[in-house]
Amino acid sequence: MTDMGQQRGGNGHITDGALCASGTDTTADATVDDAVPTAERAIRVAVVDDHEVFRAGVIATLQPYFTIVGQAPDVEGSIAMIADTLPDVVLLDVHVPGGEGGGGAEILAKSLPLSPRSAFLALSVSDSPQDVGAVIRAGARGYVTKTITGHDLVSSIRQVHEGYAVFSPKLAGFVLSAFQGTPLGDTPVHDDELDRLSAREQEVMRLIARGYTYKEVASELFISIKTVETHMSSVLRKLQLSNRTELTRWAADRRIV
């Protein structure tokens with residue numbers, strides 16, 4: 001699987017051949033064989049993501065190839081849905097609201113005992129070492145970013161169902177550290193300042209710190225520019241910072257971007 005890079009586009013799309021909100025793959029040659037074997041269609045998939053538009057697009061992309069048995073936008077709903085449907089593969093966002101604030105890692109920890117045969121594949125906008133390490137240690141079999149193409153996502157689901165580990169190439173170092181039990185990015189596991197931010201505020205903070213514009217953040221997270229501005233104001237206030245330059249320096253010092 002190849003990493004498509006992190007290019008962003010407007011109108012709720014993820015560009016450079018990645019999934020778009022309508023569920024269409026924008027890469028001309030990123031198609032899966034028209035004749036999908038019945039056995040592959042029988043792979044039962046559940047989708048967990050709190051972004052409704054993106055979740056609908058992913059489901060539309062996967063439906064020709066798999067049986068979609070459930071979907072959920074939060075921690076409590078995901079755990080209940082997984083326990084009820086017992087999916088073969090769970091496609092899991094990392095930052096999901098609800099529960100005790102643990103997001104995807106919390107869903108993994110609480111769902112695996114209820115559905116031990118399910119394989120979990122993380123699909124997230126985040127590529128931070130902390131997020132990767134948290135879900136891998138919780139039991140995820142793979143982690144790919146939302147810049148993945150529809151073709152590669154279908155392939156990744158098939159691979160984790162067959163027992164293989166699947167990761168975006170750029171995350172390989174993080175994954176190795178997680179399996180070795182070594183600190184990721186030399187960043188403390190617990191950061192009082194970072195913990196002041198909600199999961200969504202952390203997503204916005206990381207993207208802004210990487211140099212994204214408000215418009216690009218809005219497109220990436222499927223929210224309005226006004227909402228991005230609101231989250232950014234909250235982030236700066238909670239961290240007692242004055243501007244995005246100080247935020248970038250703050251995030252770089254903690255190696256979370």
For the [atom1] atom of [X] and the [atom2] atom of [Y], what is their distance to the nearest 0.5 Å?
X: Leu221; Y: Asp50; atom1: CG; atom2: CG; answer: 9.5 Å
X: Thr227; Y: Tyr214; atom1: OG1; atom2: OH; answer: 12.5 Å
X: Asp49; Y: Asp74; atom1: CG; atom2: CG; answer: 11.5 Å
X: Glu203; Y: His95; atom1: CD; atom2: NE2; answer: 5.0 Å
X: Asn243; Y: Ile208; atom1: CG; atom2: CD1; answer: 12.0 Å
X: Met205; Y: Leu236; atom1: CE; atom2: CG; answer: 11.0 Å

Going by the rule side chain to side chain donor-acceptor pair (under 3.5 Å), which residues pair with [X] if we only count those two or more places apart in sequence or in a different chain?
X: Ser118; answer: Ser115
X: Arg141; answer: none
X: Glu100; answer: Lys110

Closest approach of [X] and [Y], non-hydrogen atoms and distance?
X: Ala134; Y: Ala105; value: O-CB, 4.0 Å
X: Arg196; Y: Leu239; value: NH1-CA, 4.3 Å
X: Met232; Y: Leu247; value: CE-CD2, 3.5 Å
X: Leu114; Y: Leu86; value: O-CD2, 3.6 Å
X: Ala119; Y: Val160; value: CB-O, 3.8 Å

Do [X] and [Y] have side-chain heavy atoms sitting under 4.5 Å apart?
X: Gln71; Y: Val48; result: no
X: Ile157; Y: Tyr65; result: no
X: Leu91; Y: Val58; result: yes

Among side-chain atoms of Glu229 and Ser233, is any donor-acceptor pair under 3.5 angstrom?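 Absent: no donor and acceptor within the cut-off.
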Can we say Lys238 and Glu201 salt-bridge, meaning some charged N sits less than 4.0 Å from an Asp/Glu carboxylate O?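 Looking at Lys238 and Glu201, the cut-off is met.
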Hey, do the aromatic rings of Phe167 and Tyr143 have their centres closer than 6.0 Å?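 That pair fails the under 6.0 Å test.
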Please determine which of Asp131, Asp93, Thr145 meets the side-chain hydrogen bond (donor to acceptor under 3.5 Å, both in side chains) test together with Ser126.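 That would be Asp131.
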